[in-house]
Amino acid sequence: MNIEQVLHSAVAEALKNLYNFEPASKSIQLQITRKDFEGDITLVVFPFLKHSRKSPEETGKQIGEYLQGNVDEVRSFNVIKGFLNLVIADNYWIRVLKNARKDDAYGTKQEDENSRVIMVEYSSPNTNKPLHLGHIRNNLLGYSISEIQKANGNKVVKTNIVNDRGIHICKSMVAWKKWGEGKTPENTGTKGDHLVGDLYVEFDKHYKAEIKELIDKGVPPKEAEAKAPSILEAREMLLKWEARDPETVDLWKRMNSWVYKGFDETYRKMGVDFDTIYYESDTYLVGKEEVLRGVEEGIFYKEEDDSVWADLTEDGLDKKILLRSDGTSVYMTQDIGTAKMRYNDYSIDKMVYVVGNEQNYHFQVLSVLLDKLGYTWGKDLFHFSYGMVELPSGKMKSREGTVVDADDLMEEMINVARNMAEELGKLDALTAEETEKTFEIIALGALKYFILKVDPKKNMLFNPEESIDFNGNTGPFIQYTYARIQSVLRKAAEKNINLVSDADENISISEKEKLVLKRISLFPDIVAEAGKNYSPAVVANFCYELVKEYNQFYHDHSILNASENNIRDFRLVLSEAVGKVIKSGMTLLGIEMPERM
RNA sequence: GCCCCGGUAGCUCAGUUGGAUAGAGCAACUGCCUUCUAAGCAGUAGGUCAUGGGUUCGAAUCCCGUCCGGGGUACCA
């Protein structure tokens with residue numbers, strides 16, 4: 001039981017004894033004492049005034065006296081306005097340190113046979129262009145949320161739905177046939193996803209030119225868009241694909257394989273992975289069957305032109321198309337099929353979709369449709385809706401060439417890390433290979449932290465003109481502190497100082513030391529909160545606070561040259577624990593820690 | 001039009017279920033390396049929490065209106 005739980009029930013007891021009433025659990029508000037006041041934990045007494053019928057000061061004093069008399073850890077107290085500030089005994093905080101060290105998985109819960117199965121879908125790329133900054137946010141969030149759920153004792157299946165079929169990939173295929181000149185990743189040395197993406201751009205260029213030409217000839221714009229030769233070819237290609245035309249399917253497989261190879265490389269660099277991958281080309285037919293079953297069962301209806309619709313007006317939504325008049329499927333059709341397949345393949349307790357907030361409506365509808373199709377889990381789908389990454393010029397648009405490419409960005413970050421390290425003259429002790437790996441760790445740490453520290457729900461801004469910071473509230477700042485700690489621990493080992501198994505409970509600790517200990521004590525709560533709210537940002541901000549406080553301690557106190565051996569040992573053990581907590585916190589964000597930097 | 005989300009320092013962001021005098025970082029200015037890593041520490045300056053009401057012991061936080069920005073809205077994904 002931690003101190004908050006102890007205090008919580010002691011307060012309830014106090015109120016019962018003093019004023020003879022049983023408070024609602026949430027009316028007992030315990031919080032960390034603000035640093036301008038004396039004390040460690042503060043109870044807000046306002047909610048009890050009605051029952052105490054005394055002034056805030058008097059009520060606080062009475063409760064304080066009760067707690068001091070009945071809870072060992074409460075050393076003293078003071079009351080300011082309606083706030084009861086409790087001073088907790090130092091040895092309580094030292095015990096927190098002991099517990100944190102004893103437990104290798106401090107703060108996290110292990111998976112067991114009762115664990116819930118959570119499937120997390122993220123990434124979901126189209127196979128006609130490389131990944132960009134938007135995907136980076138998606139991937140990092142998806143990965144981190146998965147790790148956080150695991151740390152809360154859940155069994156997580158990470159999945160991806162690859163949108164590998166449709167008009168978009170046909171456009172790239174047409175472009176390859178017409179203007180590709182037999183290019184392959186091998187003979188051009190271009191990464192496969194970029195090659196296919198370039199072809200997509202090539203297609204768009206010709207398509208636009210054709211539209212303009214038609215319009216100049218007097219064709220109305222809408223008709224021009226529909227009748228341009230390139231788009232007609234792409235449509236034909238799609239029909240051929242659906243008809244399983246061997247040549248078309250071969251080319252499709254070939255070009256997709258280029259893309260997958262490219263994606264794999266990007267995913268590897270980013271440090272994200274998947275347990276299972278679904279492909280739209282496998283799932284859309286299942287979705288189609290489901291929709292047609294829905295028509296037979298009268299859940300959906302057919303228009304005169306054969307298009308299929310769901311009427312959701314009674315659910316407060318609109319009418320939604322599920323199959324086009326030519327019988328082809330839409331995004332929604334495919335998602336129905338994918339969901340069904342997943343629930344067949346796994347015993348999913350919770351399905352989480354990491355998808356941008358522009359699709360809020362889509363998932364609202366998906367949930368209702370699955371429910372109508374008779375799937376009890378339909379209502380339980382959770383759309384983890386995150387905000388978009390914007391540029392100073394506004395939204396990223398692939399057609400206007402304003403997307404920030406994922407590979408380019410990561411490469412650039414590594415260069416910045418390299419330049420900075422060289423400028424600072426660090427890492428001389430490492431081999432070339434280790435040095436390069438360290439640059440990568442730092443660069444990715446900066447990028448990941450930059451993305452993950454902000455509230456996922458909010459839109460965020462990325463300015464390509466300014467490189468992502470490496471100082472201040474950043475990933476490298478946290479990594480640096482970790483590296484410093486490892487350095488101290490190495491020095492201790494060199495001096496043959498062994499880490500004691502238990503810190504001396506009787507030493508007196510400084511304010512800075514206590515702040516660090518308090519922060520460490522919060523880690524389990526942070527992991528739980530991050531899990532409950534699906535929020536990597538909570539973890540990121542915690543790590544920052546911890547590191548900031550540790551750095552202040554580090555600056556003010558000498559560790560290896562402490563005046564007494566038991567104080568030195570305590571500080572070493574404290575440092576080691578901070579290192580461990582930083583590492584496990586940052587691991588939840590997918591950020592690695594360098595041993596030196 | 002209708003629906004959803006947002007607006008906190010010059011910039012980027014924190015701010016737990018309503019709690020004390022709204023916090024960081026960047027940018028600017030000033031100090032601190034002979035001693036465990038200065039990618040650090042300390043300090044100065046910077047705010048009508050978009051705006052007007054309401055709810056109450058107490059509102060950046062909850063409710064209503066207004067302004068501004070973003071997203072969605074029946075054959076794109």
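Everything numeric in this text was worked out from a predicted model, so none of it was measured. In what follows, chains are A, B, ... by sequence order, proteins preceding strands, each numbered from 1.
- Atom CG of A:Leu444 is separated from atom P of B:rA39 by 21 Å (rounded to the nearest Å).
- Contact annotation for A:Val44: base contact, defined as any heavy-atom pair under 4.0 Å involving a base atom.
- A sub-4.0 Å separation between OP1 or OP2 of B:rC41 and a side-chain N or O of A:Asn551 is present.
- Here A:Ile442 lies in heavy-atom contact (under 4.0 Å) with a base.
- Taking the six-membered ring where tryptophan is involved, the planes of A:Tyr353 and A:Phe363 are tilted, since the angle between them lies from 30° to 60°.
- Checked against B:rA77, B:rC41, B:rU16, the side chain of A:Glu529 finds its nearest nucleotide in B:rU16.
- The side chain of A:Tyr361 contributes no N or O atom lying less than 4.0 Å from OP1 or OP2 of B:rG72.
- An OP1 or OP2 oxygen of B:rA22 is reached within less than 4.0 angstrom by no side-chain nitrogen or oxygen of A:Arg34.
- The distance between the ring centers of A:Phe83 and A:Phe46 falls below 6.0 angstrom.
- With B:rC75, B:rA20, B:rG25 as the choices, the nucleotide that has an atom nearest any side-chain atom of A:Arg324 turns out to be B:rC75.
- Set against B:rA20, B:rC26, B:rC75, the side chain of A:Asn471 has B:rC26 as its closest nucleotide.
- Computed from coordinates, the A:Leu312 CG to B:rU73 C1' distance equals 13 Å when rounded to whole Å.
- By the 6.0 Å contact criterion, CD on A:Glu58 is enclosed, its count of non-hydrogen atoms from other residues, nucleotides or ligands being greater than 12.
- For A:Tyr480 and B:rC36, the OH to C1' distance is 11 Å, given to the nearest whole Å.
- The OH atom of A:Tyr554 sits 15 Å away from the C1' atom of B:rC32 (whole-angstrom rounding).
- Nucleic acid contact for A:Met460: sugar-phosphate only, since backbone atoms but no base atoms lie under 4.0 Å from a heavy atom of the residue.
- Spacing between B:rU66 and B:rC3 at atom P, rounded to whole Å, works out to 11 Å.
- Taking every side-chain heavy atom of A:Asp455 into account, B:rA14 is the closest of B:rG25, B:rA14, B:rG19.
- Nearest to the side chain of A:Leu461, among B:rU12, B:rA20, B:rA77, sits B:rU12.
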Show me the dot-bracket string of RNA chain B, counting Watson-Crick or G-U pairs under 3.5 Å, with | for pairs to another strand and [ ] for crossing ones.
(((((((..((((.....[...)))).(((((.......))))).....(((((..]....))))))))))))....
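- For the pair A:Lys129 and A:Tyr200, the cation-pi criterion (under 6.0 Å, within 45° of the ring axis) is fulfilled.
- Here the separation of B:rC57 from B:rA20, taken at their C1' atoms, is 13 Å to the nearest Å.
- Ring-centre distance between A:Phe470 and A:Tyr480: not below the 6.0 Å cut-off.
- A donor N or O paired with an acceptor N or O is not found under 3.5 Å between the base of B:rA42 and the side-chain atoms of A:Asp556.
- What separates CG of A:Asn163 from C1' of B:rA77 is a distance of 7 Å, to the nearest Å.
- B:rA60 and B:rG15 have their C1' atoms separated by 8 Å, with the value rounded to a whole Å.
- Applying the 4.0 Å criterion to OP1 and OP2 of B:rU12, one finds that A:Asn463 has every side-chain N and O outside that range.
- Between B:rA42, B:rG19, B:rA20, one nucleotide has an atom nearer to the side chain of A:Gln552 than all others, and that is B:rA42.
- Interatomic distance, OG of A:Ser535 versus CG of A:Leu141, reported as 9.0 Å (0.5 Å rounding).
- In this structure, B:rC33 is classed as syn because its glycosidic torsion stays within 90° of zero.
- Heavy atoms of A:Asn533 sit nowhere under 4.0 angstrom from any nucleic acid atom.
- The C1' atoms of B:rA38 and B:rC33 are separated by 6 Å, rounded to the nearest whole Å.
- Relative to the side chain of A:Asn459, the nucleotides B:rA24, B:rA39, B:rG70 differ in distance, and B:rG70 lies closest.
- The cationic atom of A:Arg165 (NZ for Lys, CZ for Arg) lies less than 6.0 Å from the six-membered ring centre of A:Tyr284 and within 45° of the ring axis.
- The ring of A:Phe83 lies on top of the base of B:rA20, close enough and flat enough: under 5.5 Å between centres, under 30° between planes.
- What separates CE of A:Met597 from C1' of B:rG40 is a distance of 11 Å, to the nearest Å.
- Closest approach to the A:Arg484 side chain among B:rA38, B:rC36, B:rU73 is made by B:rA38 (side chain taken as heavy atoms from C-beta onward).
- The side chain of A:Lys491 contributes an N or O atom lying less than 4.0 Å from OP1 or OP2 of B:rU37.
- Remark: aromatic rings of A:Phe48 and A:Tyr19 are distant, center separation not under 6.0 Å.
- Comparing B:rU44 with B:rA22, their P atoms are spaced 16 Å from each other, to the whole Å.
- A:Phe477 does not qualify as a stacking partner of the B:rG40 base, lacking a centre-to-centre distance under 5.5 Å together with planes within 30°.
- Out of B:rC41, B:rA77, B:rU73, the shortest distance to the side chain of A:Asp318 is found at B:rU73.
- Residue A:Lys453 places no side-chain N or O under 4.0 Å from the OP1 or OP2 atom of B:rG25.
- Spacing between B:rC32 and B:rG47 at atom P, rounded to whole Å, works out to 29 Å.
- In the set B:rU37, B:rG19, B:rG70, B:rG19 carries the atom at the smallest distance from any side-chain atom of A:Phe46.
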Candidate pair A:Glu434 and A:Arg596, rule salt bridge (charged side-chain N to carboxylate O under 4.0 Å, His left out), full reasoning:
CA-CA 10 Å; A:Glu434 288 168 333; A:Arg596 301 167 204 266; over 6 Å; no
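- When the C1' atom of B:rC3 is taken as reference, atom CG of A:Asn357 falls 14 Å away, rounded to whole Å.
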ring-ring contact (aromatic ring centres under 6.0 Å, His included) for A:Tyr534 and A:Phe382? Distances and angles first, verdict last.
CA-CA 11 Å; A:Tyr534 291 86; A:Phe382 174 50; 4.9 Å; yes
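- Contact of the A:Met413 side chain with the A:Leu444 side chain is not registered, since no non-hydrogen atoms from C-beta on lie closer than 4.5 Å.
- Between A:Lys532 and B:rU17 there is no side-chain polar atom (N or O) within less than 4.0 angstrom of OP1 or OP2.
- A:Ser385 comes within contact range of no nucleotide atom at all, as no heavy-atom separation falls under 4.0 Å.
- If you take atom P in B:rG6 and the same atom in B:rU61, they sit 13 Å apart, rounded to whole Å.
- Contact annotation: side chain of A:Thr481 to base of B:rA39, donor-acceptor pair absent below 3.5 Å.
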Applying salt bridge (charged side-chain N to carboxylate O under 4.0 Å, His left out) to A:Glu57 and A:Lys81, what does each step give before you reach the verdict?
CA-CA 6 Å; A:Glu57 288 77 7; A:Lys81 295 190 197 168; over 6 Å; no
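- The NZ atom of A:Lys320 sits 7 Å away from the P atom of B:rU73 (whole-angstrom rounding).
- Distance noted for atom P between B:rA27 and B:rG69: 31 Å (whole Å).
- Using a 4.0 Å cut-off, no side-chain N or O of A:Gln479 falls inside it from OP1 or OP2 of B:rA39.
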